[in-house]
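The chain is numbered in sequence order, starting from 1.
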Amino acid sequence: MLSVAPVCTVCGLDLRAHDAGDGPAVLAIFVLGALLIGSAMWLEFSAQPPLWVHAVLWPAVSVPLAVAVMRPAKAALVALQYRHRRDEMRIG
């Protein structure tokens, strides 16, 4: 799901030397974590729902959001690496 194609299908760019590492996961943790914790606190202090609502709602929201954010985050990091570290990727 998160693997990068070895070669771009449009322009033929060799992408085998990319190294996004854990960057997409860290980005998802920081951004989604802040948004979801803020949302959970807002819900708790405004509506004061029972604990089971939090236990059902937040995993159902956070897992699909994390999966949805990971692909664009990885693509953005590979693009930034291409732009700023072109020599290390052995690209003209």
Side-chain angles (χ1 to χ4, degrees):
M1 181 178 142
L2 288 177
S3 62
V4 176
V7 178
C8 177
T9 57
V10 176
C11 67
L13 178 66
D14 183 16
L15 295 171
R16 287 178 285 202
H18 81 84
D19 184 23
D22 291 332
V26 171
L27 180 67
I29 288 169
F30 283 143
V31 173
L32 290 178
L35 291 173
L36 291 173
I37 293 299
S39 299
M41 290 176 66
W42 172 81
L43 180 65
E44 177 62 32
F45 294 127
S46 66
Q48 297 178 349
L51 185 58
W52 68 265
V53 172
H54 288 292
V56 171
L57 176 65
W58 298 116
V61 170
S62 64
V63 171
L65 278 177
V67 170
V69 166
M70 292 293 282
R71 267 186 92 111
K74 186 157 191 170
L77 284 172
V78 169
L80 285 170
Q81 182 180 17
Y82 168 72
R83 180 177 178 158
H84 296 288
R85 295 174 55 192
R86 195 175 304 187
D87 295 334
E88 293 178 25
M89 290 179 72
R90 289 180 236 107
I91 299 170

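Between A68 and P72, the shortest heavy-atom distance links the atoms O-CD, 3.1 Å. Closest approach of A40 and H54 over heavy atoms only: O-CE1, 3.7 Å. The two residues L27 and A73 have their closest heavy-atom pair at CD2-CB, 3.6 Å.
Residues V53 and V56 are members of one and the same hydrophobic cluster, defined by side-chain heavy-atom contacts under 4.5 angstrom among Ile, Leu, Val, Met, Phe, Trp and Tyr. Residue L32 is grouped with residue V61 when hydrophobic side chains (ILVMFWY) are merged at heavy-atom distances under 4.5 angstrom, including chains of intermediate members. Cluster membership for V78 and Y82, using ILVMFWY side-chain heavy atoms within less than 4.5 angstrom, is shared.
Taken to the nearest 0.5 Å, the CG atom of L65 stands 8.5 Å off from the CG atom of L35. Separation of atoms OG (S62) and CH2 (W58) is listed at 9.0 Å; rounding is to 0.5 Å. Separating the CG atom in L43 from the CG atom in L36 is a distance of 12.0 Å, to the nearest 0.5 Å.
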